[in-house]
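I have placed the structure first, in the form of structure tokens, so that the comments after it can refer back to it.
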Amino acid sequence: MIEEKNSLCEENHFNDFYLKNVQSATNFAFFKCGNRDTALDLVQDAFTKIWENCAQIDFTKVKTYLWTTVNNLFLNSIKHQKVVFQYQKDVPNLDITNQNPEYLLQEEEFKEKLQKAISALSEAQREVFLLNRIEGKKYREIADLLGVSQKAVEKRMTAALKSLKSQVEGI
């Protein structure tokens, strides 16, 4: 039994095992992932792991080890893809920081001016402005929410926009 166990580490025995199983392992991997190149990569990685761990693998169970390794490598690649996709979804515009520093400084200054101008609005104007522009509520909804007429909401919004325009360039 010990000779069989160590025989996988002999290059001739490993090559025989490889040649007998590479096609069926590739078919199995292709069935799992649906991509011929990815399947070949998975199988090659699995055979590499078998070669690296040949002394620890029981020769009678090496086929099971091969299928399990291909399957685990496939599952790990799926998990990695999920992480990549989640990151891309969470940070879709990460590349915008690649803009020049002067633009970024101007953008930050504009945001500060805008925040100061919004905080300088009267409470009624600020409330209407934020409900409309930030929360996306319509004038009718704001009027119902605040218990005022729609005309009052329109007047407050007009006054808020005039005030912001006069305080912040570029609006």
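Nothing here was measured: the structure is a model prediction, and the numbers come from that model. All values below were derived from every heavy atom in this structure, side-chain atoms included, with hydrogens, water molecules and symmetry-related copies excluded.
If you chain together hydrophobic residues whose side chains sit under 4.5 Å apart, Tyr65 and Leu19 fall into the same group. Follow the hydrophobic side-chain contacts under 4.5 Å out from Ile142 and you reach Leu161 in the same cluster. Each of Leu40 and Trp51 belongs to its own hydrophobic cluster when Ile, Leu, Val, Met, Phe, Trp and Tyr are linked at side-chain heavy-atom distances under 4.5 angstrom.
A distance of 9.5 Å separates SG of Cys33 from CD of Gln81, quoted to the nearest 0.5 Å. The OG1 atom of Thr158 sits 10.0 Å away from atom CD of Gln125, with the distance rounded to the nearest 0.5 Å. For the atom pair CD (Glu10) and CG (Leu8), the distance works out to 9.5 Å, reported to the nearest 0.5 Å. Within the model, atoms CD of Glu127 and CE of Met157 stand 11.5 Å from one another, a figure rounded to the nearest 0.5 Å. From Arg36, atom CZ reaches atom OG1 of Thr26 across 7.0 Å, with rounding to the nearest 0.5 Å. Rounding to the nearest 0.5 Å gives a distance of 9.0 Å between CG of Asn53 and SG of Cys9.
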Donor-acceptor pairs under 3.5 Å, side chain of residues 108-119 to any protein atom, not counting sequence neighbours: which ones?
from   : atom 1 : to     : atom 2 : distance (Å)
Ser119 : OG     : Gln115 : O      : 3.3
Ser119 : OG     : Lys116 : O      : 2.8

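Arg140 has a carboxylate O that lies under 4.0 Å from a charged side-chain N of Asp144, or vice versa, which qualifies the two as a salt bridge.
For CD of Glu123, the number of neighbouring non-hydrogen atoms (other residues, nucleotides, ligands) closer than 6.0 Å is 12 at most.
Among residue pairs with one or both ends in residues 15-36, those qualifying as ring-ring contact (aromatic ring centres under 6.0 Å, His included) are Phe17-Phe47, Tyr18-Phe47, Phe28-Trp67; sequence neighbours excluded.
Residues Asn35 and Asp37 approach most closely at OD1-N, 2.9 Å, considering heavy atoms.
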Practice task
Go through Leu146 and Arg156 one step at a time and tell me if the side chain to side chain contact (heavy atoms under 4.5 Å, CB included) criterion holds.
Solution key: CA-CA 12 Å; Leu146 299 178; Arg156 290 177 187 179; 3.9 Å; yes
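Side chain of Thr48 to main chain of Gln44: a donor-acceptor pair is present (N/O by atom type, distance under 3.5 Å, no hydrogens or angles).
The shortest distance between side-chain heavy atoms of Leu66 and Val70 falls below 4.5 Å. Annotation: side chain of Leu42 is not in contact with side chain of Lys32 (no heavy-atom distance under 4.5 Å).
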